Each structure stands twice: as C-alpha cells, then as structure tokens.
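A short worksheet on the structure shown next.
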Amino acid sequence: MRIGIFGGAFNPVHNGHINLAKSYLESLSLDKLLVVPTANPPHKSAEGLADEADRLNMLFIAFKAFERVEISDIEFQRKEKSYTYDTITELRKSYPEDEFFLIIGNDQFLSFDKWYKYNELLSEVVLCTAAREENKKEEIISFAEKLLNGKSDYYLAAFEPIVISSSEIREKIKNQDDISGFVPADVCKYIKDKGLYIV
C-alpha cells in the first residue's frame with residue numbers, strides 16, 4: 001500500500017489541514033492517510049495544547065467522512081519526547097512492506113537536516129511538501145538536491161496549501177472572534193461546547 005503520514009499538533013485541526021489531506025490523497029494516489037497528532041513535540045512547548053482526548057475527538061469529527069483517512073494515537077502511547085523517527089519505526093512494524101509518504105510543511109522540509117536521525121528517516125519515507133509561496137519552490141528544490149543527493153525521492157506538490165495558522169485560530173477564540181470560516185462546523189461546535197482555548 002501507499003500510506004501517507006500526516007503529523008502535527010492539530011491544535012485545533014482546521015480547513016487547511018483538511019485541504020492538504022484531500023490534495024495529497026489524490027495527488028499521491030494514497031491507499032491510506034494516517035493522521036498522527038503529536039503528544040509532546042520535541043521542538044515546541046506543550047503550553048496551550050488542548051488535551052489529547054480533545055484533539056483526537058476533533059480529528060475524528062473533521063475526517064469522519066474520509067474513507068481512506070485513519071486517525072492514529074500512536075504518539076500518545078509514548079510518554080517521553082516524541083520524534084518522527086520513533087513513530088515511523090513503530091509504524092513499520094504494522095506495515096513492513098508498504099511505502100511511506102511523510103507529509104510536512106515547507107518550513108519543516110527546509111530544516112529537515114536538523115531532525116533527529118534524519119538520514120535514517122530518509123531511507124524509510126518519501127518526503128512530501130507543498131510550497132506556501134511561489135518563490136519557495138526553487139528553494140525547496142535546491143535544498144532537496146543537496147539533502148537527498150539522488151539517494152532518495154521527494155515529492156513537491158503542485159497545489160498551493162491554504163495558509164491558516166492554528167495559533168491564529170486560538171487567538172481568535174480568545175478574542176471571541178468568529179472562527180466558522182476556518183474550521184469545520186462540527187469542530188467549531190465542539191470547541192464552543194468544550195470551552196477550548198478560552199484561556
């Protein structure tokens with residue numbers, strides 16, 4: 001199978017995430033897309049993170065109509081710092097013969113050589129990204145040629161991602177601004193009902 005792996009804090013999941021999932025499912029002809037919320041990101045403070053259960057619930061709500069999307073709590077099973085390499089190693093046990101496509105943002109792509117065990121990761125996954133701005137494409141291509149040096153494949157999507165920031169959405173919630181244009185209606189209702197991101 002061709003399996004996409006889409007990680008992130010999803011704090012909260014928003015329309016940009018959903019658009020990316022749809023686009024990669026089709027452009028990569030994925031058989032399955034694993035959406036993997038991070039439990040304890042090594043490069044970010046956990047401050048402001050909604051509870052694991054709430055982030056999982058919002059993902060289930062957001063992707064309930066997607067037959068090929070599976071929400072994975074694999075990173076919640078580990079209580080120590082969680083690295084992508086560890087997640088891929090664990091997933092490989094369940095999918096020993098399948099092809100992994102690791103979906104990351106262009107900023108993450110351009111700093112991939114700083115990732116934990118990035119060389120080992122490159123032997124396990126095809127890196128996939130999309131340029132937020134047109135002028136980023138050349139930078140991504142140049143970086144990929146140096147990073148991969150012909151040893152691994154990568155995928156630069158032709159589509160432009162919808163640029164929405166979870167932090168901006170959280171700020172809007174604090175300010176009691178309308179977020180209905182940024183998240184699915186059912187996710188918006190969940191956030192309001194649970195009183196998430198108010199403080």
Side-chain angles (χ1 to χ4, degrees), residues 1-39 41-44 55-56 58-60 62-76 82-92 94-95 98-133 136-137 139-141 143-144 147-148 152-167 183-184 187:
M1 284 195 301
R2 295 167 64 86
I3 300 175
I5 299 165
F6 183 18
F10 302 109
N11 188 44
V13 59
H14 54 61
N15 292 338
H17 296 134
I18 295 165
N19 178 67
L20 278 179
K22 286 180 183 176
S23 299
Y24 280 115
L25 276 166
E26 299 312 316
S27 64
L28 290 171
S29 300
L30 298 176
D31 298 292
K32 180 184 289 192
L33 177 65
L34 295 176
V35 177
V36 185
T38 50
H43 304 301
K44 292 183 180 179
R55 287 188 289 132
L56 269 181
M58 287 188 282
L59 285 169
F60 281 120
F63 288 105
K64 62 186 175 185
F66 289 68
E67 291 182 1
R68 287 181 287 160
V69 172
E70 184 177 307
I71 312 302
S72 171
D73 66 352
I74 187 170
E75 294 208 355
F76 293 169
S82 189
Y83 291 95
T84 301
Y85 172 80
D86 300 322
T87 300
I88 296 298
T89 300
E90 194 63 31
L91 286 172
R92 183 56 77 192
S94 299
Y95 303 99
D98 300 288
E99 192 171 7
F100 286 163
F101 296 83
L102 181 63
I103 297 166
I104 59 178
N106 61 194
D107 290 341
Q108 295 170 306
F109 189 99
L110 291 169
S111 62
F112 194 79
D113 56 342
K114 308 293 193 298
W115 285 36
Y116 176 67
K117 292 193 175 182
Y118 76 93
N119 272 318
E120 290 90 336
L121 259 178
L122 289 174
S123 68
E124 289 290 338
V125 303
V126 175
L127 284 185
C128 306
T129 195
R132 282 193 172 193
E133 301 93 18
K136 281 283 187 183
K137 287 184 180 178
E139 188 179 355
I140 289 169
I141 292 169
F143 180 82
L147 177 73
L148 304 175
S152 304
D153 290 330
Y154 76 102
Y155 176 78
L156 176 56
F159 56 84
E160 289 186 22
I162 296 174
V163 182
I164 303 173
S165 162
S166 291
S167 60
V183 301
V187 172

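Nothing here was measured: the structure is a model prediction, and the numbers come from that model. Excluded from the calculations below are hydrogen atoms, water molecules and symmetry mates; all remaining heavy atoms, backbone and side chain alike, are included.
Between Glu75 and Thr38, some side-chain heavy-atom pair lies under the 4.5 Å cut-off. Side-chain atoms of Lys136 and Phe109, non-hydrogen and from C-beta on, never get closer than 4.5 Å to each other. Considering only heavy atoms from C-beta on, Val183 stays 4.5 Å or farther from Met58 through its side chain. Using a 4.5 Å heavy-atom cutoff, the side chains of Trp115 and Tyr83 are not in contact. Contact of the Phe76 side chain with the Leu56 side chain is registered, since non-hydrogen atoms from C-beta on lie closer than 4.5 Å. A heavy-atom distance below 4.5 Å is not found between the side chains of Phe66 and Val35. Val125 is not listed as a side-chain neighbour of Thr84, based on a closest heavy-atom distance of 4.5 Å or more. Between Pro184 and Asn15, some side-chain heavy-atom pair lies under the 4.5 Å cut-off.
Between the OH atom of Tyr24 and the CZ atom of Phe101 there is a distance of 12.0 Å, given to the nearest 0.5 Å. Between Phe143 atom CZ and Leu147 atom CG the span is 4.5 Å, to the nearest 0.5 Å. In this structure, CG on Leu102 lies 10.5 Å from CG on Leu91, to the nearest 0.5 angstrom. Residue Cys128 holds its SG atom at 11.5 Å from CG of Leu20, rounded to the nearest 0.5 Å. If you take NZ on Lys22 and CZ on Phe63, they are separated by 9.5 Å, rounding to the nearest 0.5 Å. Note that CG of Leu127 and CG of Leu122 are 5.5 Å apart. Values are rounded to the nearest 0.5 Å.
For the pairing with Ser72, the side chain to side chain contact (heavy atoms under 4.5 Å, CB included) check across Val36, Thr87, Leu59 returns one residue only, Val36.
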- Task: Check step by step if side chain to side chain contact (heavy atoms under 4.5 Å, CB included) holds for Leu25 and Val69.
- Result: CA-CA 9 Å; Leu25 276 166; Val69 172; 3.9 Å; yes

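Listed for the Arg68 side chain is no donor-acceptor partner under 3.5 Å among the backbone atoms of Leu33. For Asn106 (side chain) and Ala131 (main-chain N/O), no donor-acceptor pair under 3.5 Å exists by modelled atom type. Not one N or O on the side chain of Arg2 forms a donor-acceptor pair closer than 3.5 Å with the backbone of Asp98. No donor-acceptor pair under 3.5 Å is formed between the side chain of Ser152 and the backbone N or O of Leu148.
Ring geometry for Tyr116 versus Tyr85: interplanar angle over 60°, hence perpendicular rather than tilted (30 to 60°).
Among residues two or more places apart in sequence or in another chain, the ring pair (Phe, Tyr, Trp, His ring centres under 6.0 Å) test is passed with His17 by Phe10, His14. For the side-chain contact (heavy atoms from CB on, under 4.5 Å) test, residues two or more places apart in sequence or in another chain that qualify with Leu156 are Thr129, Lys137, Ile140, Ile141, Tyr154. Taking the side-chain contact (heavy atoms from CB on, under 4.5 Å) definition, one finds that Ser94 meets it with nothing, sequence neighbours left out.
Between Phe100 and Arg92 the shortest heavy-atom distance is CD1-NH2, 3.4 Å.
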